[in-house]
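Notes for the one structure printed next.
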Number of protein chains: 2
Amino acid sequence: MVKYQSSAMDRTFAALADPTRRAILLRLEQEPGLSVSELARPLAQKLPGMMKHLDVLADAGLITRTKAGRTVSVHLAVEPMREAMEWLKRYERFWNASLDRLVAFVEKEDEP
Amino acid sequence: MVKYQSSAMDRTFAALADPTRRAILLRLEQEPGLSVSELARPLAQKLPGMMKHLDVLADAGLITRTKAGRTVSVHLAVEPMREAMEWLKRYERFWNASLDRLVAFVEKEDEP
DNA sequence: CAAATACTTCGCCACATGGTGAAGTATCAA
DNA sequence: TTGATACTTCACCATGTGGCGAAGTATTTG
């Protein structure tokens with residue numbers, strides 16, 4: 001890859017690209033503060049694998065971890081998702097607005 | 001990685017995780033139907049690199065390519081972005097709605 | 001203190017990405 | 001037909017997952 005530094009948005013989208021990580025986020029939405037083991041159990045994930053996913057999510061700023069004794073509770077942090085959504089919003093007009101623009105777009109393609 | 005098959009959403013988020021690819025999508029929004037070379041030029045990308053990015057974008061369903069003679073014009077396809085946004089919408093309440101929920105969330109964290 | 005629990009880190013492996021230059025193919029132009 | 005143009009594919013490299021078992025560290029618990 002040779003990507004020595006990546007932007008916040010790069011990391012956010014990359015973190016969201018894995019189904020296990022999306023499942024983690026969905027679960028945390030329902031049950032904030034779950035521990036690492038509790039997160040791993042239903043996902044049939046060993047702890048080392050879960051650690052890597054949590055590292056990716058934390059790098060992207062999508063979770064925070066707080067340690068209490070020997071257990072770690074994990075919490076959602078949605079700000080990066082808001083920014084990802086802001087980016088996508090740029091394209092909202094393509095499916096949200098009237099079809100005028102789409103028609104114009106298609107017609108332009110047919111020009112020589 | 002050992003990911004033999006990935007879902008449409010996996011591919012969409014993965015495609016969006018690269019700044020060059022996001023730049024391509026932004027550019028196509030302004031100027032639909034650009035050719036491969038035209039896309040590559042301002043991004044300081046060699047053609048082989050651009051080809052790979054376009055392959056990733058096409059796999060994710062984010063672009064379509066139509067060949068006319070020896071030139072290929074590239075077009076946006078926004079449906080996958082709409083779906084990505086639908087997924088993110090689930091979290092919208094965290095930043096969009098009243099702060100009640102956030103307060104409840106924070107207070108829950110302080111419980112023993 | 002000893003044992004169990006909950007993470008954490010450490011190799012190790014396979015594979016996709018992101019980039020390159022070089023070579024190949026297909027069209028268009030002269 | 002010969003060149004130039006526009007892609008396309010190939011071979012190669014470095015790196016970041018994504019997964020595992022095994023070993024290590026830190027806290028509780030008995």
Side-chain angles (χ1 to χ4, degrees), chain A residues 1-25 28 31 33-60 62-75 112, chain B residues 1-25 28 31 33-60 62-75 112:
Chain A
M1 276 183 203
V2 197
K3 304 253 303 261
Y4 292 93
Q5 93 285 35
S6 55
S7 76
M9 193 128 46
D10 294 1
R11 289 193 295 270
T12 301
F13 280 124
L16 292 172
D18 183 273
T20 301
R21 286 193 295 262
R22 287 200 306 278
I24 292 170
L25 296 175
L28 287 174
E31 309 171 70
L34 285 178
S35 73
V36 176
S37 318
E38 286 168 335
L39 282 169
R41 202 170 309 123
L43 292 173
Q45 277 271 319
K46 304 296 178 188
L47 280 185
M50 180 54 62
M51 290 297 290
K52 288 201 189 179
H53 284 305
L54 294 179
D55 287 346
V56 173
L57 287 168
D59 274 359
L62 286 164
I63 59 164
T64 60
R65 288 177 281 196
T66 56
K67 189 159 198 163
R70 63 187 160 171
T71 76
V72 171
S73 36
V74 184
H75 314 277
Chain B
M1 275 181 207
V2 197
K3 303 253 301 262
Y4 293 92
Q5 94 285 34
S6 53
S7 77
M9 191 126 48
D10 293 2
R11 289 192 297 269
T12 301
F13 280 125
L16 292 172
D18 183 272
T20 302
R21 287 195 293 263
R22 287 200 305 278
I24 292 171
L25 295 175
L28 286 175
E31 310 172 70
L34 285 178
S35 72
V36 176
S37 319
E38 286 168 335
L39 282 170
R41 203 171 309 122
L43 292 174
Q45 278 271 318
K46 306 295 179 188
L47 278 187
M50 180 54 62
M51 290 297 289
K52 290 200 188 178
H53 284 304
L54 294 180
D55 287 346
V56 172
L57 287 168
D59 274 359
L62 286 164
I63 59 165
T64 59
R65 288 177 282 196
T66 55
K67 190 159 199 162
R70 62 186 159 169
T71 77
V72 171
S73 36
V74 183
H75 314 278

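Here is the naming used below: chain letters follow the sequence lines, and residue numbers restart at 1 for every chain.
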(request) Please report, rounded to the nearest Å, how far the P atom of D:dG16 is from the CG atom of A:Asp10. (result) 13 Å
(request) Round to the nearest Å and state the distance from B:Arg70 atom CZ to D:dG3 atom P. (result) 16 Å
(message) I need the CE-C1' distance between A:Met51 and C:dC10, as an integer number of Å.
(response) 12 Å
(request) By nearest nucleotide on DNA chain D, pick out whichever of B:Val72 and A:Ala14 is the more 5' one. (result) B:Val72
(message) Determine whether a donor-acceptor pair (N or O, by modelled atom type, separation under 3.5 Å) exists between the side chain of A:Arg22 and the backbone of A:Leu16.
(response) yes
(request) Return the value, rounded to whole Å, for the distance between atom CG of B:Leu54 and atom P of C:dT17. (result) 14 Å
(request) State, yes or no, whether a side-chain contact exists between B:Leu62 and B:Val56 at a heavy-atom distance under 4.5 Å. (result) no
(request) Report the distance from atom CG of B:Leu39 to atom C1' of D:dA6, rounded to the nearest whole Å. (result) 13 Å
(request) Compare all side-chain heavy atoms of A:Leu39 with those of A:Leu54 and state whether any distance is below 4.5 angstrom. (result) yes
(request) Please tell me which of A:Thr71 and A:Lys52 maps to the more 5' nucleotide of DNA chain C, matching each residue to the nucleotide holding its nearest heavy atom. (result) A:Thr71
(message) Distance check needed: C:dC15 C1' versus A:Asp18 CG, whole Å only.
(response) 14 Å
(message) Does A:Gly69 reach a base, just sugar-phosphate, or nothing at all? Heavy atoms under 4.0 Å.
(response) sugar-phosphate
(request) Could you check if a side-chain atom of A:Glu38 sits within less than 4.5 angstrom of a side-chain atom of A:Glu31, using non-hydrogen atoms only? (result) no
(message) Rounding to an integer number of Å, can you tell me how far B:Leu57 CG sits from C:dG18 C1'?
(response) 13 Å
(request) State which of D:dC10, D:dA6, D:dG21 makes the closest approach to the side chain of A:Pro48. (result) D:dG21
(message) If you only use heavy atoms from C-beta on, which nucleotide in D:dT28, D:dT17, D:dG19 is closest to the side chain of A:Val56?
(response) D:dT17
(request) Look at the side chain of B:Arg21 and decide which nucleotide, out of D:dG19, C:dC28, C:dT17, has an atom nearest to it. (result) C:dT17
(request) Can you tell me the distance, in whole Å, between the CE atom of A:Met50 and the P atom of D:dG21? (result) 15 Å
(message) For a quick check of understanding: with a heavy-atom distance under 4.0 Å over all strands, which category does A:Lys46 fall into, base, sugar-phosphate or nothing?
(response) sugar-phosphate
(request) From the options C:dG19, C:dT8, C:dA4, select the nucleotide whose nearest atom is closest to the side chain of B:Gln45. (result) C:dG19
(request) May I ask you to test the A:Arg65-A:Asp55 pair for a side-chain heavy-atom distance under 4.5 Å? (result) yes
(message) Any side-chain N or O of B:His53 below 4.0 angstrom from OP1/OP2 of C:dT17?
(response) no
